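In what follows, a single structure is set out as structure tokens and then discussed.
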Protein chains: 2
Amino acid sequence: MRLTTKGRYAVTAMLDLAIHSDRGPVSLAEISKRQEISLSYLEQLFSKLRKAGLVASVRGPGGGYQLGRGLDAIFVAQIVDAVNESIDATSCGGKGNCQQGEVCLTHHLWSDLSDQIHHFLSGISLAKLVSRHDVKSISQRQEINSLDDLDVIQSSRLA
Amino acid sequence: MRLTTKGRYAVTAMLDLAIHSDRGPVSLAEISKRQEISLSYLEQLFSKLRKAGLVASVRGPGGGYQLGRGLDAIFVAQIVDAVNESIDATSCGGKGNCQQGEVCLTHHLWSDLSDQIHHFLSGISLAKLVSRHDVKSISQRQEINSLDDLDVIQSSRLA
DNA sequence: TAATAACCCACTATTTTAGTCAACTAAATA
DNA sequence: TATTTAGTTGACTAAAATAGTGGGTTATTA
């Protein structure tokens, strides 16, 4: 599980797509303008997102991209994974040169941690992000400042 | 919140330090050998960890590094933050060229998400990692599937 | 004082991220 | 059918982050 600006770009673009997908396919040119991400870089990202089945493409005039499935079936972890090729298995994989098993243990520990983060991000759907988008635009009127406030609002909405 | 191999190196090294700190200071040379991380790279990382107060150094023969505070007062998020200089505030910070406020909204959404991940990693202490080292991965037995489950488990452990 | 290990700095190599450019294919419409 | 739109692909480049080198200095202890 890697978490860099690349993943942020992808999540942002997917979110933009989700928000604007009510009126047919969304072209990368639109997303590029709105989110200020270079068109060619978006092409690279969406090529991977498409291969992962997260988006579907429509060619020709009026074409663009659509979500590959429902808002509530696309999760942040999937988006991040799609653009970040999976992390390499690291050093001691099958070499067996671990001293007293310690190297392998710490390695496993990290991968456990990585799994936990993955689990966590697997619990956040695009739908949840979009609904938070709504909440946020409301919050600007209501003067909500802390994350805790947001959580309260969000969980009450999801319930 | 960035999450790359750099942070993994730091967490792994801190964990190695934690495990071996019962017999006085641990030298970077030892950690370098055990974890197969270059000594000079470790020096760079520990320079930052020291400035963050996560470790304390002892110079001279027999010297090395010790944990800056108790196992249960050092959290993964702190380690990752210490070595990854904080993410830049990104594009639309004060430029005001956001169209209908949308660009800023997605930016805020991402930073919220980033906060959530941060919050999550703030709940995992070195003590927890070390005990997991002993117990060999508790999560695999508990079958954690949803975010809610994770939250419940985590908060009950902290209580 | 000699050995040890942290500390510090400038430098290099590699990889990843981000972006550019150009040619091509498929679909829609005039 | 010709043209336009927009995805598709690949090769290439620039910049940044990651990872590692090398050489020195300072503090401490034996």
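We name chains A, B, ... by the order of the sequence lines, and we start the count at 1 in each one. If you're wondering where the values come from, they're calculated on a predicted model, not measured in any experiment.
- The aromatic rings of A:Tyr65 and A:Phe46 sit tilted relative to each other, their planes meeting at an angle between 30° and 60°.
- Atom CG in B:Asn84 sits about 17 Å away from atom P in D:dA16, given to the nearest Å.
- Residues A:Met14 and A:Val55 are in side-chain contact: their nearest non-hydrogen atoms beyond the backbone lie under 4.5 Å apart.
- Phosphate contact (OP1/OP2 of D:dT8, side-chain N/O of A:Arg50, threshold under 4.0 Å): present.
- For B:Thr5, taking side-chain heavy atoms from C-beta onward, the closest of the listed nucleotides C:dT17, D:dA19, D:dT29 is D:dA19.
- For C:dG19, the OP1/OP2 oxygens have no side-chain nitrogen or oxygen of A:Tyr41 closer than 4.0 Å.
- The interatomic distance linking B:Arg8 (CZ) with D:dA19 (C1') rounds to 13 Å, in whole Å.
- Taking the side chain of B:Tyr9 as heavy atoms from C-beta on, and the options D:dT4, C:dA5, D:dG20, the nearest nucleotide is D:dG20.
- B:Ser40 has no side-chain polar atom (N or O) that falls below the 4.0 Å cut-off from OP1 or OP2 of D:dG22.
- Residues A:Leu71 and A:Leu54 are members of one and the same hydrophobic cluster, defined by side-chain heavy-atom contacts under 4.5 angstrom among Ile, Leu, Val, Met, Phe, Trp and Tyr.
- D:dG7 atom P lies 18 Å from atom NZ of A:Lys48, rounded to whole Å.
- In this structure, CD1 of A:Ile31 is placed 13 Å from C1' of D:dG7, rounded to the nearest angstrom.
- Considering only side-chain atoms of A:Gln44, the nucleotide from D:dA19, C:dG19, C:dA27 that sits closest is C:dG19.
- Comparing D:dA19, C:dA28, C:dA6 by their nearest atom to the side chain of B:Leu28 picks out C:dA6.
- The residue from A:Leu15, A:Val11, A:Leu126, A:Asp81 that alone fulfils the side chain to side chain contact (heavy atoms under 4.5 Å, CB included) condition with A:Val76 is A:Val11.
- A:Ser122 contributes a side-chain N or O that, together with a main-chain N or O of A:His118, makes up a donor-acceptor pair within less than 3.5 Å.
- Here the nucleotide nearest the side chain of A:Ser57, chosen from D:dA17, C:dA6, D:dT8, is D:dT8.
- Contact annotation: side chain of A:Glu43 to base of D:dG7, donor-acceptor pair absent below 3.5 Å.
- Counting only heavy atoms from C-beta on, B:Ser38 has its side chain closest to D:dG20 among D:dT18, D:dG20, C:dC7.
- The side chain of A:Thr4 lies closest to C:dT17 when the candidates are C:dT17, C:dA18, D:dT21.
- Distance from the side chain of B:Arg59 is smallest for C:dC7 among the nucleotides C:dA28, C:dC7, C:dT4.
- In this structure, CZ of A:Phe46 is placed 15 Å from P of D:dT9, rounded to the nearest angstrom.
- In this structure, NZ of A:Lys6 is placed 5 Å from P of C:dT17, rounded to the nearest angstrom.
- Nearer to the 5' terminus of DNA chain C, by closest-nucleotide assignment, is the contact made by B:Gly64 (compared with the other of A:Gly60 and B:Gly64).
- Between the CG atom of B:Leu49 and the C1' atom of C:dC7 there is a distance of 14 Å, rounded to whole Å.
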